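Written out below as structure tokens is the structure these notes cover.
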Amino acid sequence: MYQEEIVLCGSSAYTKKYYLNEAFEALPESIKDELKIMCVLYTEDIGGTLTLFFDEEGTLQFQTGADEGDLLYDDIGSVLKVKQLQRTKQELLEALELYFKVFFLGEEFPEDL
């Protein structure tokens with residue numbers, strides 16, 4: 001089992017760039033596109049940075065941040081936007097967790113799916 005976090009993707013309002021970990025290039029294009037749209041829209045709306053990563057148990061986590069002194073970063077909006085994404089993209093996020101657990105952590109595919 002992994003003992004560290006594995007970054008899935010991220011976006012930065014500062015550099016205007018999006019990153020997808022090359023280890024996830026095998027994901028379907030539609031999933032990669034949806035991740036890109038989700039991350040870039042977040043940083044355009046809120047500012048700062050957004051990183052999606054898998055923790056050591058395989059749970060997909062959201063990490064947000066801003067440069068010190070960034071007066072345009074919306075702290076409250078950040079929390080609300082992450083909760084909204086977790087709610088509206090729940091099916092996608094759960095599927096990504098299952099993908100990670102099966103293909104990266106070597107867990108068995110659940111029989112009940």
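The structure displayed is predicted, hence computed values, not measured ones.
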Going by atom types alone, do [X] and [Y] pair a side-chain donor with an acceptor below 3.5 Å?
X     : Y     : result
Thr43 : Ser11 : yes
Gln86 : Gln90 : no
Tyr42 : Ser78 : yes

Would you call Lys16 and Glu44 a salt bridge, using N to O less than 4.0 angstrom? yes
Pair Lys101 + Glu57: basic N to acidic O under 4.0 Å: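 Not counted as a salt bridge, because no side-chain N and carboxylate O are separated by less than 4.0 Å.
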Check whether [X] and [Y] end up in the same hydrophobic cluster, where Ile, Leu, Val, Met, Phe, Trp and Tyr are linked by side-chain heavy atoms less than 4.5 Å apart.
X      : Y      : answer
Tyr19  : Ile37  : no
Leu60  : Phe109 : yes
Leu105 : Leu52  : yes
Leu50  : Phe53  : no
Leu85  : Val40  : yes

Test your reading of the model: is there a side-chain donor-acceptor pair from [X] to the backbone of [Y], 3.5 Å cut-off?
X     : Y     : result
Asp55 : Gly58 : yes
Thr88 : Gln84 : yes
Lys32 : Glu25 : yes
Asn21 : Val7  : yes

I'd like to know whether the aromatic ring centres of Phe54 and Phe24 sit less than 6.0 Å apart in this structure.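 Close enough - the centres of the two rings lie under 6.0 Å apart.
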Can you tell me how far apart [atom1] ([X]) and [atom2] ([Y]) are? Round to the nearest 0.5 Å.
X     : Y     : atom1 : atom2 : answer
Thr51 : Leu8  : OG1   : CG    : 10.0 Å
Leu20 : Lys36 : CG    : NZ    : 9.5 Å
Leu41 : Ile46 : CG    : CD1   : 11.0 Å
Asp75 : Asp70 : CG    : CG    : 9.0 Å

Which of parallel (below 30°), tilted (30 to 60°) and perpendicular (above 60°) describes Tyr99 and Phe103?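 Correct class here is tilted.
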Taking it one step at a time, do Phe62 and Leu93 satisfy side chain to side chain contact (heavy atoms under 4.5 Å, CB included)? CA-CA 11 Å; Phe62 285 68; Leu93 302 175; 3.9 Å; yes
Side chain to side chain contact (heavy atoms under 4.5 Å, CB included) assessment of Ile31 paired with Leu96: CA-CA 9 Å; Ile31 302 288; Leu96 287 166; 4.0 Å; yes
Just do the side chain to side chain contact (heavy atoms under 4.5 Å, CB included) check on Lys89 and Glu34 with the steps written out, would you? CA-CA 10 Å; Lys89 302 291 186 183; Glu34 195 165 348; 3.1 Å; yes
Test side chain to side chain contact (heavy atoms under 4.5 Å, CB included) applied to Thr64 and Thr49, step by step: CA-CA 6 Å; Thr64 63; Thr49 60; over 6 Å; no
Give the minimum heavy-atom separation between Ala66 and Tyr73, together with the two atoms involved. CB-CG, 3.3 Å
Taking all atoms of both residues into account, what is the closest heavy-atom pair of Tyr14 and Gly48, and its distance?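 For Tyr14 versus Gly48, the nearest heavy atoms are OH-CA, 3.5 Å.
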